A.B. asks: 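Sending over a structure as structure tokens; questions will come in a sec.
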Number of protein chains: 2
Amino acid sequence: MTTRIQKRNRKRILDAALEVFAAQGFRGATLDQIAAEAGLSKPNLLYYFDSKEAIHRLLMEDLLASWLEPLRAIEPAGDPRAEIMGYMRRKLQMSREFPRESRLFANEILQGAPRLEDFIARDLKALVDDRAALIARWSAEGRLAAVDPYHLIFSIWALTQHYADFDAQIRLIREGSDPLEGAEPFLERLFERLLAP
Amino acid sequence: MTTRIQKRNRKRILDAALEVFAAQGFRGATLDQIAAEAGLSKPNLLYYFDSKEAIHRLLMEDLLASWLEPLRAIEPAGDPRAEIMGYMRRKLQMSREFPRESRLFANEILQGAPRLEDFIARDLKALVDDRAALIARWSAEGRLAAVDPYHLIFSIWALTQHYADFDAQIRLIREGSDPLEGAEPFLERLFERLLAP
DNA sequence: AAAAACCTTGACTGGTTGGTCAGGTCTGTT
DNA sequence: AACAGACCTGACCAACCAGTCAAGGTTTTT
């Protein structure tokens with residue numbers, strides 16, 4: 001049974017840990033930083049979680065589920081261009097709403113994905129292969145431009161996640177104005193032009 | 001005066017440090033890792049460089065110069081579409097030849113760019129603003145599609161650097177085959193369709 | 001109200017980290 | 001060969017790190 005206090009403190013800790021792991025990576029983050037961010041003492045952190053690794057693992061598990069969902073939501077029965085545009089829009093929305101999750105993921109991949117190897121090589125790969133086959137079918141039927149489906153998927157990832165992962169850079173170049181301002185119409189135009197048969 | 005041995009060992013250290021910093025970030029990297037990678041003892045590392053910070057600083061300085069160059073090479077007098085396609089191709093080539101430099105940069109930005117703030121807000125911003133104005137002029141003259149010049153530049157960064165920064169992910173999904181296989185024709189088609197007036 | 005269960009922390013530990021230093025080895029020059 | 005300067009390292013240090021624990025405080029249940 002989980003108490004009221006447990007629920008509150010676990011949430012605080014995971015939120016603080018997301019912040020710190022996303023910015024510093026697993027090795028670069030310290031429990032002291034996370035504890036300070038959460039407003040708790042370090043021993044108290046370790047009362048709720050077994051170890052630094054355990055906090056990180058839980059964060060990753062939450063992340064991975066939400067990472068597959070948008071791609072899975074592509075409907076084989078739907079209109080090809082609308083489905084892909086919808087996927088792009090959903091991914092962009094995630095960069096807007098969950099930039100820290102995006103940076104956490106980016107940090108893991110940059111470090112060579114040691115903790116994600118299984119997930120990527122199994123779950124993600126299987127889903128991407130499936131969606132790539134679907135896109136190839138759509139292209140063969142003439143309902144979509146003939147594009148390499150893998151690079152199409154990678155390009156959606158690259159373009160949408162860039163706004164979360166490189167937020168600091170974009171902010172400095174655009175001097176404070178919302179980094180995502182104008183991104184959606186730009187990407188819509190880009191992918192509409194790319195996908196028109 | 002620098003001796004033969006100095007030249008060799010400094011090079012070894014910077015090469016090893018690039019490897020380790022790119023994979024672990026500044027905080028996550030340790031001098032022991034760098035020393036092991038370089039095949040030198042830790043005190044020997046500190047014979048050639050004053051501190052961990054000094055190694056990182058030198059690496060960043062080398063990086064920043066090469067980071068501005070391709071964008072600077074865009075010729076105002078050239079053909080608009082050819083100039084932008086050339087810039088994209090140059091950036092893609094850099095992802096192929098210098099993936100570790102790309103990951104080092106990505107790591108810094110992910111961490112909030114604390115060590116790059118000045119460079120980005122001054123040098124990079126000035127150059128981007130200049131190039132964005134040039135692209136806007138080209139668009140106004142009808143020699144280019146009317147696209148947001150900032151998002152155009154960001155999209156080139158996102159799409160080309162993705163292949164270096166997310167190399168581990170792409171490798172696992174494409175099972176060992178060269179992650180950049182097919183990338184160039186895909187990106188050429190994408191930007192040709194985007195930029196056609 | 002008092003027991004039981006839950007929550008919190010100061011003080012600590014063993015291991016790691018960036019960095020120092022005295023003293024030794026190697027290299028090029030005369 | 002012998003000297004100067006450059007190069008290298010084992011042993012060490014203080015600060016920091018993840019994690020432990022005994023003791024005390026708070027909340028919930030009875």
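Just so we're clear, the structure is a prediction, and the values are computed from it rather than from any experiment. Letters A, B, ... are given to chains in the order of the sequence lines, protein chains preceding strands, and every chain is numbered from 1.
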A.B. asks: Examine distances only and state if a side-chain atom of A:R193 and a backbone atom of B:R193 form a donor-acceptor pair shorter than 3.5 Å.
C.D. replies: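 Yes: the side chain of A:R193 pairs with the backbone of B:R193.
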
A.B. asks: What orientation do A:F21 and A:F26 show, parallel under 30°, tilted 30 to 60°, or perpendicular over 60°?
C.D. replies: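 Aromatic pair A:F21/A:F26 classed parallel.
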
A.B. asks: Which atom pairs link the protein and nucleotides 19-27 of chain D when you take only N or O atoms and keep those under 3.5 Å?
C.D. replies:
from, atom 1, to, atom 2, distance (Å)
D:dG19, OP2, A:K52, N, 2.7

A.B. asks: Given D:dC16, is OP1 or OP2 found less than 4.0 Å from the side-chain N or O atoms of A:T30?
C.D. replies: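 No, A:T30 has no side-chain N/O under 4.0 Å of OP1/OP2 on D:dC16.
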
A.B. asks: Could you state the CG-C1' distance from B:L45 to D:dC7, rounded to the nearest angstrom?
C.D. replies: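 Distance check: B:L45 CG to D:dC7 C1' gives 14 Å.
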
A.B. asks: Classify the nucleic acid contact of B:A29 as base, sugar-phosphate or nothing, counting any heavy atom under 4.0 Å across all strands shown.
C.D. replies: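 Sugar-phosphate, backbone atoms only, no base.
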
A.B. asks: Could you list by number each residue of residues 13-21 of chain A showing a heavy-atom separation from DNA chain C of less than 4.0 Å, or answer none if no residue does?
C.D. replies: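 Of all residues in residues 13-21 of chain A, none places a heavy atom under 4.0 Å from DNA chain C.
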
A.B. asks: Kindly give the heavy-atom pair with the smallest separation between A:L92 and A:T160, and that separation in Å.
C.D. replies: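 Looks like N-CG2, 3.8 Å.
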
A.B. asks: Under 3.5 Å, is there a donor-acceptor pair between the B:E37 and B:Q33 side chains?
C.D. replies: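 No, no side-chain donor-acceptor contact under 3.5 Å.
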
A.B. asks: Looking only at side-chain N and O atoms, does A:H56 offer a donor or acceptor that is under 3.5 Å from a partner on A:E108?
C.D. replies: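 Checked: A:E108/A:H56 side chains pair up, N/O donor to acceptor below 3.5 Å.
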
A.B. asks: Under the side-chain hydrogen bond (donor to acceptor under 3.5 Å, both in side chains) test, which residues partner A:E53, sequence neighbours left out?
C.D. replies: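 Scan of A:E53 (side-chain hydrogen bond (donor to acceptor under 3.5 Å, both in side chains), adjacent residues dropped) gives none.
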
A.B. asks: Restricting to non-hydrogen atoms, name the atom on A:P99 and the atom on A:A164 that form the minimum distance, rounded to 0.1 Å.
C.D. replies: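 Of all heavy-atom pairs spanning A:P99 and A:A164, the closest is CA-CB, 3.8 Å.
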
A.B. asks: On the nucleotide D:dC7, are OP1 or OP2 found under 4.0 Å from the side-chain N or O atoms that B:Y47 carries?
C.D. replies: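 Yes, such a contact exists.
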
A.B. asks: Look at all strands and tell whether A:Y48 reaches a base, only sugar-phosphate, or nothing, counting heavy atoms closer than 4.0 Å.
C.D. replies: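 Result for A:Y48 = sugar-phosphate.
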
A.B. asks: Enumerate donor-acceptor pairs with a distance under 3.5 Å from any side-chain N or O in residues 65-86 of chain A to protein atoms, sequence neighbours excluded.
C.D. replies:
from, atom 1, to, atom 2, distance (Å)
A:S66, OG, A:L63, O, 2.8
A:D79, OD2, A:A82, N, 3.1
A:E83, OE1, A:E75, N, 2.8

A.B. asks: Without placing hydrogens or testing angles, list every side-chain donor-acceptor pair under 3.5 Å for residues 5-12 of chain A, not counting sequence neighbours.
C.D. replies:
from, atom 1, to, atom 2, distance (Å)
A:N9, ND2, A:Y48, OH, 3.1
A:R10, NH1, A:Y48, O, 3.3

A.B. asks: On DNA chain C, check which nucleotide each of A:N44 and A:R27 is closest to and give me the residue with the more 5' one.
C.D. replies: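 So the residue in question is A:N44.
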
A.B. asks: How are the rings of B:F166 and B:H162 set relative to one another: parallel (under 30°), tilted (30 to 60°) or perpendicular (over 60°)?
C.D. replies: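 Taking B:H162 first and then B:F166, their aromatic rings lie parallel (interplane angle under 30°).
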
A.B. asks: Any base atoms under 4.0 Å from A:A35, or only sugar-phosphate, or nothing? Heavy atoms, all strands.
C.D. replies: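 If one applies the 4.0 Å heavy-atom cut-off, A:A35 turns out to touch nothing in the nucleic acid.
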
A.B. asks: Between B:R96 and B:E184, does any side-chain N to carboxylate O distance fall below 4.0 Å?
C.D. replies: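 Judged by the 4.0 Å cut-off on N to carboxylate O distance, B:R96 and B:E184 do form a salt bridge.
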
A.B. asks: Give the first and the last nucleotide of DNA chain C, reading 5' to 3', that has any atom under 4.0 Å from a heavy atom of chain B.
C.D. replies: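 Taking any atom under 4.0 Å from a heavy atom of chain B, the span is C:dT17 to C:dG28.
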
A.B. asks: Send over the distance from B:N9 CG to D:dC8 C1', rounded to a whole Å.
C.D. replies: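 Going from CG in B:N9 over to C1' in D:dC8 covers 10 Å.
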
